[in-house]
Amino acid sequence: MFSKLLRAIIMGPPGSGKGTISGRIVHDFGMKHLSSGDLLRIQIMNSTAAGLEAKKFIDQGALVPDEVMVQLILNELREITNHSWLLDGFPRTVPQAEALSDKLDIDVVMNLDVPFETIKQRLTARWVHPGSGRVYNLDWNPPQIPGKDDVTGEELIQRDDDKPETVTARLRNYENQTKPLLQFYSAAGKLVSFHGTESNIIYPKVKDFLATKIPAVADQSQSVKQ
Ligand SMILES: Nc1nc2c(ncn2[C@@H]2O[C@H](COP(=O)(O)OP(=O)(O)O)[C@@H](O)[C@H]2O)c(=O)[nH]1
Ligand SMILES: Nc1ncnc2c1ncn2[C@@H]1O[C@H](COP(=O)(O)OP(=O)(O)O)[C@@H](O)[C@H]1O
């Protein structure tokens, strides 16, 4: 029934739950998750040339230039062979999407359609574990020990770009630069949108959809045993 590896994109405005839902997809379907934001934050933590260059844009809520992003992501995707993957946060502009489709065929684009009013209040309460990209929310899914990652016990950080004024700039950029991608992927027949305000309600719909495309982890281990 499932003859090939799945190449999927998850899209949506900042704070729509891409990281949260990706974590559940990885758990249930074992896909490799590649988040452009996590990748950039690791480059910044390691003070690489690409990281230092990217930080100037990220701190202002601006998008990192297309050529930097395309190179970074295509290099990473080249490393993932023989595995289904889920791309989160890339592409974010039409030129990025064109550069990606020049190199690879994408199977599905899942769009999280969450209203801006819902999002704004979420982001100021977001804390992240930079090493893994695990994401928490002080109101919604707080860590077991305040300020510490549940799995490693390491310190959580609040992202510099989650300040209210930067969030406004990011939402504006989403509207101007990223939203046109919905039309791009819709015209290509790849787009599936999930509407809602709660990840717990959106995720079961995403899961049902993905189950028609890729075996769940439980089914994969069963087929190994047989
Ligand atoms: N209140 C609430 N917060 C949520 C929900 N889903 C995710 N969050 C939190 O909202 C913030 C943004 O989610 P995240 O997955 O990082 O979104 P992304 O920016 O699209 O990757 C994080 O702090 C999440 O813990 C939800 O359904 N309700
Ligand atoms: N594909 C991309 N193109 C340009 N900039 C990007 C891209 N992905 C991430 N960034 C930069 O990194 C920041 C954080 O990205 P991300 O963690 O994906 O944010 P969020 O999860 O809130 O949508 C973005 O605001 C942007 O500055």
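Indexing begins at 1, ligand by ligand and atom by atom, following the structure's order.
The nearest heavy-atom contact from the protein to atom 17 (O) of ligand 1 is Gly17 N, 3.1 Å. Protein heavy atom in closest approach to atom 22 (C) of ligand 1: Val135 CG2, 3.6 Å. Arg126 NH1, 2.7 Å is the protein heavy atom nearest to atom 16 (O) of ligand 1. Protein heavy atom in closest approach to atom 2 (C) of ligand 1: Trp140 CG, 3.2 Å.
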Atom pairs and distances, donor-acceptor, side-chain atoms in residues 103-111, under 3.5 Å, two or more places apart:
unit_1, atom_1, unit_2, atom_2, d
Asp107, OD1, Lys4, NZ, 2.7
Asp107, OD2, Lys4, NZ, 3.1
Asp107, OD2, Arg7, N, 2.8
Asn111, ND2, Ser193, OG, 2.9

For residues 114-124, which side-chain N or O atoms pair as donor and acceptor with protein atoms under 3.5 Å away, sequence neighbours left out?
unit_1, atom_1, unit_2, atom_2, d
Arg122, NH1, Gly15, O, 2.8
Arg122, NH2, Thr197, O, 2.8
Thr124, OG1, Gln121, O, 3.2

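Contacts of Arg126 with ligand 2, taken as heavy-atom pairs under 4.0 Å, involve the side chain alone. When heavy-atom distances to ligand 2 are checked against a 4.0 Å cut-off, Arg159 comes that close only through its side chain, counted from C-beta outward. Contacts between Trp127 and ligand 1 below 4.0 angstrom, taking non-hydrogen atoms only, are absent altogether.
Annotation: Asp88 places no N or O atom under 3.5 Å from an N or O atom of ligand 1; distance criterion only. In terms of polar-atom proximity, defined here as any N/O pair under 3.5 Å, Gly89 does make such a contact with ligand 2. Residue Ala62 places at least one N or O, backbone or side chain, under 3.5 Å from an N or O of ligand 2. For ligand 2, the polar-atom distance check finds no N/O of Pro13 at less than 3.5 Å from any of the ligand's N/O atoms. When only interatomic distances are considered, the shortest N/O to N/O separation between Ala125 and ligand 1 does not fall below 3.5 Å.
Residue contact annotation: Asn141 has a non-hydrogen atom under 4.0 Å from ligand 1. By the 4.0 Å heavy-atom criterion, Gly12 is excluded from the residues contacting ligand 1. Taking 4.0 Å as the cut-off, Ser22 does not count as a neighbour of ligand 1 on heavy-atom distance.
Interface atoms of ligand 1 facing Gly15, defined by a heavy-atom separation under 4.0 Å, are 12 (C), 17 (O), 18 (P), 19 (O), 20 (O). Listed by number with element, the atoms of ligand 1 under 4.0 Å from a non-hydrogen atom of Thr20 are 7 (C), 13 (O), 14 (P), 15 (O), 24 (C). Those atoms of ligand 2 with a heavy atom of Asp161 less than 4.0 angstrom away are 13 (C), 14 (C). Within the listing of ligand 1, atoms 22 (C), 23 (O), 25 (O) sit less than 4.0 angstrom from a heavy atom of Tyr136. Shown in contact with Gln96 at under 4.0 Å from a heavy atom are these atoms of ligand 2, numbered in order with element: 1 (N), 2 (C), 3 (N), 4 (C). For ligand 2, the atoms closer than 4.0 angstrom to any heavy atom of Arg41 are 14 (C), 17 (O). Residue Leu40 has at least one heavy-atom neighbour below 4.0 Å for each of these atoms of ligand 2: 9 (C), 10 (N), 11 (C), 12 (O). The contact set between ligand 2 and Ser36, taken as ligand atoms under 4.0 Å from a residue heavy atom, comprises 7 (C), 8 (N), 9 (C). The atoms of ligand 2 that sit less than 4.0 Å from any heavy atom of Pro14 are 22 (O), 23 (O).
Here Arg41 pairs with Asp38 in a salt bridge; the nearest charged N to carboxylate O distance falls below 4.0 Å. In this structure, Asp149 pairs ionically with Arg134, as a charged nitrogen and a carboxylate oxygen lie closer than 4.0 Å.
Linking ILVMFWY residues whenever their side-chain heavy atoms come closer than 4.5 Å, directly or via other members, leaves Leu182 and Leu63 in distinct clusters.
Counting only N and O atoms by type, the side chains of Gln43 and Thr48 include a donor and acceptor under 3.5 Å apart.
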